[in-house]
Amino acid sequence: MNKYLFDEYPLVILPQLAEKIGLNEAIMLQQINYWLQKSDKIRDGKKWTYNSYAEWGKQFPFWSITTIRRTLKSLEKQELIITGNFNKYKFDKTKWYTIDVSNLNRRCAQNEQMDISKLNNSDVSNLDRPIPDTTDTSSETTTETYSPAKAEPHVPYSEIVEYLNQKASTGYKATTKKTQQLVKARFNEGFNLDDFKKVIDNKTMEWKNTDMAKFLRPETLFGTKFESYLNQKVGAKSNRYNHFEGEDDPSVYDNLPF
């Protein structure tokens with residue numbers, strides 16, 4: 001079999017759905033549905049998932065941000081998705097998404113009477129699968145279809161680093177490998193986006209505009225002392241470290257008697 005083609009049925013979207021709402025829209029709706037199956041975010045009795053355009057771009061590297069924005073707008077206009085903003089901070093404009101299942105059923109049932117709730121088991125299993133992931137190795141391109149069990153959870157690198165840059169007046173990049181490793185490690189330990197924001201809030205309140213401001217960086221904030229930073233009680237700014245200039249890691253101060 002040609003290495004660029006599947007030797008079995010490769011679609012992870014229903015052709016009828018693509019015909020009804022558009023190919024790009026069907027692919028995006030499928031991916032939203034996939035993340036909704038894994039989501040524990042419930043608002044107004046519905047499951048929600050959230051992503052910035054940049055994060056969607058990582059999942060759809062073959063689309064431009066303009067295409068992603070246009071596709072999501074089309075799904076909104078067709079009333080197939082509902083958007084909201086349930087972010088903790090007002091300046092955080094990351095959109096939340098859920099599928100309007102009733103409108104989806106109604107739209108697809110027109111003419112062809114295709115009711116999603118009556119699909120056979122194999123079709124339903126396809127609805128819970130993400131788009132194929134393509135990995136390019138040195139001389140060959142291999143294509144692997146993810147299953148929900150293998151897919152990694154969404155890690156909002158961009159939201160976290162952008163929040164740090166805004167609060168600490170820094171210019172770190174979300175694409176840095178070391179930063180992503182640190183963030184992912186904390187997510188694997190069970191921490192979430194709100195925890196990262198709280199750590200950033202705690203430490204910027206304590207360190208910004210002091211000699212410790214140099215430690216407002218991913219390497220320090222998202223490292224092994226993350227949980228301690230998360231649970232500390234932050235009050236007035238302290239200058240207790242000011243006379244220890246030159247140290248590279250604030251953890252050296254932890255056992256000092258002041």
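Note that the coordinates shown come from a computational prediction; the quantities given were computed from them, not determined experimentally.
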Check your understanding: Does any non-hydrogen side-chain atom of Ile27 lie less than 4.5 Å from one of Phe60?
Key -> yes

Practice item. Measure the spacing between CD of Gln30 and CD of Glu25 and express it to the nearest 0.5 Å. Key: 14.0 Å

Study note, to complete from the structure: Distance col, row Thr170:OG1 vs Lys208:NZ, nearest 0.5 angstrom, shows 9.0 Å

**Study point:** Closest non-hydrogen atom pair between Asn165 and Gly171, with its separation
**Key:** OD1-N, 3.3 Å

Check your understanding: Given Glu159 and Glu55, is the side-chain contact (heavy atoms from CB on, under 4.5 Å) satisfied, shown in steps?
Key -> CA-CA 9 Å; Glu159 288 93 330; Glu55 291 297 331; 3.7 Å; yes

Point to revise | Atom CD of Glu227 with >12 non-hydrogen neighbours under 6.0 angstrom | key: no

Pair up each side-chain donor or acceptor in residues 172-179 with any protein partner under 3.5 Å, not counting sequence neighbours, and list the distances.
from   : atom 1 : to     : atom 2 : distance (Å)
Thr176 : OG1    : Lys173 : O      : 3.4

**Study point:** Ser39 side chain vs Trp35 backbone, donor-acceptor pair below 3.5 Å
**Key:** no

Exercise for review: State, to 0.1 Å, how close Lys20 and Gln78 come at their nearest heavy-atom pair, and which atoms those are.
Suggested key: O-OE1, 4.5 Å

Check your understanding: Are side-chain heavy atoms of Leu80 and Ile99 found at a separation under 4.5 Å?
Key -> no

Check your understanding: Does a side-chain heavy-atom distance below 4.5 Å link Leu193 with Lys88?
Key -> no

Check your understanding: Got a donor-acceptor contact below 3.5 angstrom from the Asp195 side chain to the Asn192 backbone?
Key -> yes

Review point. Does the side-chain contact (heavy atoms from CB on, under 4.5 Å) test come out yes or no for Asn24 and Ile68, once each step is laid out?
Key: CA-CA 9 Å; Asn24 287 358; Ile68 291 171; over 6 Å; no

Exercise for review: Report the relative orientation of the aromatic rings in Trp96 and Tyr50; use parallel for angles under 30°, tilted for 30 to 60°, perpendicular for over 60°.
Suggested key: tilted

Review point. How many angstroms lie between NZ in Lys47 and NZ in Lys38, if you round to the nearest 0.5 Å?
Key: 10.0 Å

Check your understanding: Hey, does the side chain of Gln37 reach the backbone of Asn33 with a donor-acceptor pair shorter than 3.5 angstrom?
Key -> yes

Review point. For the residue pair Phe191 and Phe226, is the inter-centroid distance of their aromatic rings smaller than 6.0 Å?
Key: yes

Review point. Quick one: are Glu206 and Met212 in side-chain contact, heavy atoms under 4.5 Å?
Key: no

Point to revise | Polar side chain donor-acceptor pair, Arg69 to Thr66, under 3.5 angstrom | key: no

Review point. Would a line drawn from the ring center of Trp48 to the ring center of Phe86 be shorter than 6.0 Å?
Key: yes

Study note, to complete from the structure: In this structure, NZ of Lys225 is separated from CG of Leu230 (nearest 0.5 Å) by 14.0 Å

Review point. What are the two closest heavy atoms between Ile81 and Leu72, and how far apart are they?
Key: CD1-O, 3.8 Å

Practice item. Given side-chain contact (heavy atoms from CB on, under 4.5 Å), test Thr98 with Thr83 step by step and report yes or no. Key: CA-CA 7 Å; Thr98 191; Thr83 63; over 6 Å; no

Review point. Just checking, any donor-acceptor pair under 3.5 angstrom between side chains of Asp201 and Tyr163?
Key: yes

Review point. Please walk me through it: do Leu221 and Trp207 pass side-chain contact (heavy atoms from CB on, under 4.5 Å)?
Key: CA-CA 11 Å; Leu221 300 180; Trp207 290 346; 4.0 Å; yes

Check your understanding: Has the side chain of Asn202 got a donor or acceptor atom that lies under 3.5 Å from a matching backbone atom of Tyr229?
Key -> yes

Check your understanding: Is the closest side-chain heavy-atom distance between Leu75 and Met28 below 4.5 Å?
Key -> yes

Check your understanding: With side chains defined as the heavy atoms from C-beta onward, is the minimum distance between Thr220 and Leu216 less than 4.5 Å?
Key -> no

Exercise for review: Work out which heavy atom in Pro218 is nearest to a heavy atom in Leu164; give both atom names and the distance.
Suggested key: CD-CD2, 3.8 Å

Point to revise | Lys/Arg N to Asp/Glu carboxylate O, Lys95 vs Glu76, below 4.0 Å | key: yes

Practice item. Determine whether Val183 and Val161 make a side-chain contact, defined as any pair of heavy atoms from C-beta on separated by less than 4.5 Å. Key: no

Check your understanding: Is there a donor-acceptor pair under 3.5 Å between the side chain of Asn85 and the backbone N or O of Asn87?
Key -> yes

Practice item. Using atom types as modelled and distance alone, determine if a side-chain donor or acceptor of Asn51 lies under 3.5 Å from a backbone N or O of Trp56. Key: no

Exercise for review: Decide yes or no for Thr210 and Phe215: does some side-chain heavy atom of the first lie under 4.5 Å from some side-chain heavy atom of the second?
Suggested key: no

**Study point:** Nearest non-hydrogen partners of Ser158 and Ala54, listed with the distance
**Key:** OG-CB, 4.3 Å

Review point. When you measure from the side chain of Ser74 to the backbone N and O of Arg70, does any donor-acceptor pair fall under 3.5 Å?
Key: no

Exercise for review: Kindly work out whether a path of hydrophobic side-chain contacts (I/L/V/M/F/W/Y, heavy atoms less than 4.5 Å apart) joins Ile82 to Ile42.
Suggested key: no

**Study point:** Straight-line distance of Gln16 CD to Glu19 CD, nearest 0.5 Å
**Key:** 8.0 Å

Review point. Taking everything shown except Lys58 itself, do over 12 heavy atoms lie less than 6.0 Å from its NZ?
Key: yes

